[in-house]
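Every value quoted in this text rests on a predicted model; they were computed, and no experiment measured them.
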Amino acid sequence: MDKILEKVKEYWKMIVLVVCGLIAGGIFHVLTNGQKPTTNLSVENLSSVSRQSSVSKFSEPNEKSVSKIMVDLKGAVTKPNVYQISSDERLVDLIKEAGGFTDQADQKSINLSAKLKDEEVIYVPKIGENSSTENTDRSANSVTSQVSTTTEKININQADLTELQKLTGVGQKKAQDIIDFRTKNGDFKSLEDLGKVSGFGDKTLEKLKDELCFE
């Protein structure tokens with residue numbers, strides 16, 4: 001009987017050790033699994049921040065593209081020339097690049113805040129210069145262009161078909177009519193002779209009187 005009790009006591013110790021081991025393993029398992037959600041949450045937060053950063057980056061407005069343009073600057077500036085500038089620059093920037101105005105420049109006739117466009121011609125007049133001014137409206141900004149009032153006249157008795165078409169209101173047909181009339185009747189002597197050509201009424205002759213010469 002004593003031997004049986006000793007064996008039971010021996011097995012009881014083993015059972016207690018096994019049970020303790022299982023309890024310890026269970027506690028370790030619980031503690032380990034309890035930390036994992038925190039780790040997963042951190043990863044999700046990082047992914048969320050990354051996505052938000054990407055969305056924010058794409059949602060930022062694109063900067064306005066700036067290109068290069070060519071502008072011909074003439075007149076009373078230190079260095080008249082054709083300049084290549086950025087499309088977002090103003091006339092004041094172009095004048096500075098050209099070395100500024102000369103002493104004779106009529107600065108009052110120039111809008112320094114005006115925007116510029118490609119292939120534009122800017123003429124800075126001298127003080128007291130006899131010229132006509134054409135103002136071009138560009139969305140409430142204008143650049144004053146100076147155009148000479150003197151134009152080269154066309155000799156109606158010598159001009160060819162191409163030259164005659166440079167006259168105001170004269171196309172290819174009217175130019176050919178002038179040549180045909182001139183060939184048949186001889187040189188034009190006056191503006192009244194041109195009125196004998198079909199299509200040249202009083203209004204047309206009035207427009208052409210300063211563009212023609214007869215000798």
Side-chain angles (χ1 to χ4, degrees), residues 67-85 87 89-91 94-95 97-99 101-102 104-112 114-139 141-215:
S67 59
K68 292 292 184 179
I69 61 175
M70 302 292 289
V71 180
D72 188 2
L73 180 61
K74 303 178 183 292
V77 292
T78 304
K79 299 176 182 178
N81 205 342
V82 176
Y83 290 90
Q84 184 180 50
I85 62 175
S87 59
E89 291 188 274
R90 303 293 180 121
L91 181 55
L94 179 62
I95 296 296
E97 190 167 346
F101 295 107
T102 64
Q104 295 81 24
D106 184 6
Q107 300 184 35
K108 294 181 180 180
S109 63
I110 299 297
N111 179 10
L112 292 175
K115 293 182 178 180
L116 303 174
K117 65 179 183 179
D118 191 34
E119 300 182 1
E120 185 171 12
V121 177
I122 304 297
Y123 182 81
V124 180
K126 295 179 180 180
I127 297 174
E129 186 173 9
N130 183 21
S131 59
S132 62
T133 303
E134 292 184 357
N135 296 319
T136 304
D137 182 15
R138 302 193 189 106
S139 301
N141 291 287
S142 62
V143 174
T144 303
S145 302
Q146 304 297 328
V147 182
S148 175
T149 56
T150 59
T151 57
E152 184 178 354
K153 293 187 177 183
I154 294 177
N155 189 324
I156 195 171
N157 293 318
Q158 297 179 2
D160 59 18
L161 187 66
T162 300
E163 291 176 318
L164 289 172
Q165 290 182 67
K166 296 178 181 179
L167 296 170
T168 301
V170 176
Q172 183 175 357
K173 183 179 184 304
K174 285 188 176 181
Q176 186 61 53
D177 289 341
I178 291 174
I179 294 175
D180 293 343
F181 186 90
R182 187 176 67 193
T183 301
K184 182 178 180 180
N185 301 284
D187 290 348
F188 293 92
K189 303 299 182 182
S190 64
L191 195 64
E192 286 72 18
D193 287 344
L194 180 59
K196 298 176 183 178
V197 179
S198 176
F200 289 87
D202 293 339
K203 292 184 179 180
T204 303
L205 295 177
E206 182 65 23
K207 294 178 181 179
L208 294 175
K209 67 179 182 179
D210 295 327
E211 300 180 27
L212 295 173
C213 64
F214 300 89
E215 295 182 359

Evaluate side chain to side chain contact (heavy atoms under 4.5 Å, CB included) for L91 paired with N111, printing each intermediate quantity in order. CA-CA 7 Å; L91 181 55; N111 179 10; 5.5 Å; no

Would you sort out whether K174 and D177 count as a salt bridge (Lys or Arg N to Asp or Glu O under 4.0 Å), showing the intermediate values? CA-CA 5 Å; K174 285 188 176 181; D177 289 341; over 6 Å; no

With side chain to side chain contact (heavy atoms under 4.5 Å, CB included) as the criterion, how do T204 and V170 come out once you've worked through the C-alpha distance, each side chain's angles and the decisive distance to 0.1 Å? CA-CA 9 Å; T204 303; V170 176; 5.7 Å; no

Evaluate D187 against F214 for side chain to side chain contact (heavy atoms under 4.5 Å, CB included), listing each step before the verdict. CA-CA 8 Å; D187 290 348; F214 300 89; over 6 Å; no

Please evaluate residues L161 and Q176 with respect to the criterion side chain to side chain contact (heavy atoms under 4.5 Å, CB included), reporting the C-alpha separation (whole Å), side-chain torsions for both, the decisive distance (0.1 Å), and the verdict. CA-CA 6 Å; L161 187 66; Q176 186 61 53; 3.8 Å; yes

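Separation of atoms OG (S109) and CD1 (I127) is listed at 9.5 Å; rounding is to 0.5 Å. Atoms CD and CG, from E89 and L94 in turn, are 8.0 Å apart once rounded to the nearest 0.5 Å. Taking OG1 of T168 as the start and NZ of K209 as the end, the distance is 13.0 Å to the nearest 0.5 Å. Taken to the nearest 0.5 Å, the CG atom of L205 stands 11.0 Å off from the NZ atom of K207. Between atom CG of residue D193 and atom CZ of residue F200 there is a gap of 13.0 Å, rounded to the nearest 0.5 Å.
In terms of heavy-atom proximity, L73 sits nearest to A98 at CD2-CB, 3.4 Å. The two atoms that bring A159 and I154 nearest to each other are CB-CG2, 3.5 Å, heavy atoms only. When all heavy atoms of E120 and K115 are compared, the pair lying nearest together is OE1-O, 4.3 Å. Across T78 and T102, no two heavy atoms sit closer than the pair N-CG2, 3.9 Å. The shortest heavy-atom contact between Q158 and R182 is N-NH1, 3.6 Å. In this structure, E97 and I85 approach most closely via the heavy-atom pair OE1-CG2, 3.4 Å.
I156 places none of its side-chain heavy atoms less than 4.5 Å from the side chain of L208. Contact check for V197 versus D180: no side-chain heavy atoms found under the 4.5 Å cut-off. Proximity of I69 to K117: side-chain heavy atoms (C-beta onward) are nowhere separated by under 4.5 Å. Counting only heavy atoms from C-beta outward, the side chains of I179 and D160 never approach each other to under 4.5 Å. The shortest distance between side-chain heavy atoms of K153 and E211 does not fall below 4.5 Å. Contact check for P125 versus I110: side-chain heavy atoms found under the 4.5 Å cut-off.
A distance-only check finds a donor-acceptor pair linking the side chain of N155 to the backbone of N157 [under 3.5 Å]. Proximity of a side-chain donor or acceptor of D118 to a complementary backbone N or O of M70 within less than 3.5 Å is detected.
Summarising the local packing, NZ of K74 is surrounded by 12 or fewer heavy atoms from other residues, nucleotides or ligands at distances under 6.0 Å. More than 12 heavy-atom neighbours from other residues, nucleotides or ligands sit within 6.0 angstrom of CD on E163.
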